[in-house]
Amino acid sequence: MRLESKKAMSAILVVDDDPISARLLELTLTPGGHQVEVARDVSSGQRALLAGHHDLLILDIFLPDGSGLEILRFLREDLKQAIPVIVLSGHRQEDFADRATKLGATQYVTKPFSLRDLLAEVDRLTG
Amino acid sequence: MWRRFADIPYTLLVFGIFMLELVGLGTLIWTFALRTGQLVPDVFVEQTLIAATAITALGLLLLTAYILAYHVLSVPRERRRQQRLETWTDRWFGVLFSTEPTPTGRLGADATAAAFEIRERLKGSEGKEFSRLLEELRLGEPLLDRLRSFRLTTRLSALDGLAKARLPGSIGPLMRAMLDPNPVARFMAGRAVARTMSEMPPDARRDEVALTFARALELAALPPGASGEILLLLEDAAPVVLAALFLDGRLPAPLVRAALDVVGRHRLREFTDEAVSRITYRDREVRAAALRALARLGIAPPQASDPIVIALNDDTEFVRVQAARAAAYLPPEVAVPVLQGSMGDSSWWVRRASAESLLKLGPKGIGTLWAAANKHPDVFAGDMAAQVLLDAGIKAPQFGSGLSETA
């Protein structure tokens with residue numbers, strides 16, 4: 001089983017407090033040439049967005065100091081950035097997906113997820 | 001809880017301090033008693049008092065020193081554990097995607113913990129491939145052994161690990177664990193089976209497992225919320241288990257309720273008839289669950305029409321509320337008159353649900369709400385109609401009567 005990425009060199013910000021999930025995302029995306037930056041909470045995620053340019057944001061909803069949707073709101077309303085955002089969540093309920101979509105999420109992915117499918121989605125969104 | 005390890009030294013320390021205090025206070029009481037009888041001099045009492053105070057101070061000092069030392073030592077220890085987990089995460093990732101060789105020999109606790117954590121986060125072919133690898137390496141066997149432990153915490157931690165690992169080979173022992181005398185262990189075992197089943201391919205083996213699981217779930221006799229959570233975790237395998245449950249004519253009411261709840265939450269339209277047939281069930285919780293399922297499915301087939309209309313006059317308030325919500329999916333010519341009637345229900349909740357259902361029925365329903373807001377024999381029904389129209393952004397005739405938008 002191999003992971004193959006068709007796209008190279010995108011700057012991706014992953015905001016996830018779960019170290020294993022964040023590490024798996026890093027391991028999946030980095031070999032394809034993507035530059036991955038990891039933030040663990042809302043405040044460090046917002047700081048990272050302010051500090052540099054990113055081509056894609058991968059966002060967990062439940063973070064230690066608040067909701068990942070706050071970062072999404074910050075990105076869309078305060079920074080006025082239109083970069084694609086993949087929201088990750090352990091919740092399958094439609095209302096979570098609806099809220100994320102209304103705030104401007106490009107994709108809503110429920111955990112657990114397939115690393116290969118996620119990589120394909122990242123390639124598509126950054127292509 | 002601040003302690004994650006070293007339970008025994010902590011227990012011994014607290015016990016030692018407690019015993020010291022006991023001796024100190026006992027001696028003090030005895031000395032005061034002797035002094036009351038003029039049997040010892042004042043100076044002896046003072047010395048005893050000082051000694052007892054010193055013992056208390058020593059106890060506090062020891063306890064504080066232990067807690068501080070624990071924190072000082074546990075932070076780097078935890079950091080080292082995280083680093084080992086991260087190293088193993090990288091290594092397992094390499095094994096899964098064929099960039100590293102499969103580890104051989106006896107694998108330690110960190111390797112196993114990292115493997116189960118990764119398995120929990122993987123889905124699809126990668127998840128199945130990883131489960132196969134874990135079974136080849138027999139990583140689940142120590143957990144299966146621990147299921148037989150007499151200690152509940154050991155059994156629970158084993159069940160938690162097996163729920164993460166989702167090893168097809170563990171289903172049999174997990175089904176047996178669903179008969180555990182402790183309800184928490186039965187619940188955890190049910191969750192582990194459900195999570196494992198959710199990744200099984202839809203074949204004859206899964207159907208066979210579903211029948212056994214339905215029976216085990218019935219014998220586990222869990223509360224409806226717990227059974228509902230287990231059934232939800234089945235995800236794509238839920239229909240096959242629900243079919244097995246609904247086949248059982250003597251299924252206990254809490255389990256029927258849980259099954260109907262999952263029909264609605266997973267939007268399983270193939271079970272619409274099962275929900276319809278239970279609108280008139282003897283248990284009111286089941287009647288409400290059946291109606292709630294129909295409302296969530298957004299469907300009310302013709303055969304549901306009469307039962308829903310009857311349920312709008314049920315003795316139980318929460319059944320009437322659910323009936324009012326389900327009525328939104330009846331044909332407007334049936335729904336509008338009955339909902340217009342239930343707008344005058346004695347319960348605020350039923351009036352609200354009826355008004356909201358009328359709103360969902362489109363122009364006919366909105367027209368009825370408008371008319372009710374304008375003139376309804378029941379003043380509360382009129383107010384509710386006006387409020388629901390207002391909340392929907394439609395200016396009702398009673399707008400000026402002091403109503404404001406619901407927060």
Side-chain angles (χ1 to χ4, degrees), chain A residues 1-6 14-34 36-38 40-41 58-64 68 86-98 107-123, chain B residues 78-79 81-100 102 110 113-133 163-166 195-196 198-199 229 231-236 238 261-262 264-267 296-298:
Chain A
M1 191 179 280
R2 291 199 176 274
L3 276 174
E4 284 173 15
S5 174
K6 298 176 184 73
V14 173
V15 188
D16 196 335
D17 64 320
D18 172 10
I20 306 276
S21 280
R23 186 72 188 141
L24 285 176
L25 288 170
E26 218 175 339
L27 290 167
T28 305
L29 301 171
T30 309
H34 299 295
V36 180
E37 184 183 352
V38 177
R40 299 273 188 227
D41 49 35
I58 299 179
L59 198 57
D60 184 24
I61 289 191
F62 293 102
L63 296 170
I86 298 176
V87 173
L88 299 175
S89 171
H91 284 263
R92 284 168 69 97
Q93 274 104 329
E94 285 174 5
D95 54 339
F96 275 94
D98 288 346
Q107 273 287 343
Y108 185 85
V109 176
T110 53
K111 290 178 180 179
F113 51 83
S114 157
L115 295 173
R116 190 178 286 108
D117 292 350
L118 190 83
L119 181 61
E121 193 58 29
V122 166
D123 284 349
Chain B
E78 190 59 28
R79 197 166 46 232
R81 184 176 173 272
Q82 280 303 329
Q83 281 167 353
R84 289 197 301 273
L85 280 179
E86 200 162 292
T87 306
W88 270 107
T89 303
D90 291 10
R91 191 158 171 202
W92 284 122
F93 183 89
V95 173
L96 179 63
F97 293 107
S98 312
T99 55
E100 287 219 31
T102 307
D110 295 321
F116 290 165
E117 291 294 334
I118 292 173
R119 176 63 190 94
E120 193 185 17
R121 288 158 181 81
L122 294 180
K123 197 179 178 182
S125 59
E126 295 146 22
K128 287 180 188 123
E129 177 69 18
F130 202 63
S131 276
R132 195 188 55 73
L133 180 70
K164 287 177 180 169
R166 284 176 275 178
R195 295 186 71 173
T196 310
S198 71
E199 299 246 328
E229 186 182 328
L231 291 170
L232 273 175
L233 287 171
L234 285 162
E235 299 185 9
D236 295 342
D261 193 48
V262 176
R265 283 179 188 274
H266 275 326
R267 310 278 194 273
R296 282 183 172 146
L297 292 171

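So that the names make sense, note that chain A is the first sequence line, chain B the second, and so on, each numbered from 1. Quick caveat, the model's predicted, so the values are computed rather than measured.
Legend: residues meeting salt bridge (charged side-chain N to carboxylate O under 4.0 Å, His left out) with B:Asp110, ordered by chain and number and at least two apart, are B:Arg84. Every salt bridge (charged side-chain N to carboxylate O under 4.0 Å, His left out) that B:Glu120 has, sequence neighbours left out, goes to B:Arg195.
Looking only at side-chain heavy atoms (C-beta outward), B:Phe97 and A:Leu27 stay at 4.5 Å or farther from each other.
Shown here for B:Phe93 and A:Thr28, the closest heavy-atom pair between the two residues is CE1-OG1, 3.5 Å. A pairwise comparison of heavy atoms in B:Glu126 and A:Arg116 identifies OE2-N, 2.8 Å as the closest pair.
In terms of modelled atom types and a separation under 3.5 Å, the side chain of B:Glu117 and the main chain of A:Ile20 share no donor-acceptor contact.
Under 4.0 Å is where a charged nitrogen must lie from a carboxylate oxygen, and between A:Asp18 and B:Arg121 at least one such pair does.
Looking at B:Arg166, the atoms closer than 4.5 Å to chain A (heavy atoms on both sides) all sit in the side chain, from C-beta outward.
Rounded to the nearest 0.5 Å, atoms CD1 (B:Ile118) and CZ (A:Arg23) are 10.5 Å apart.
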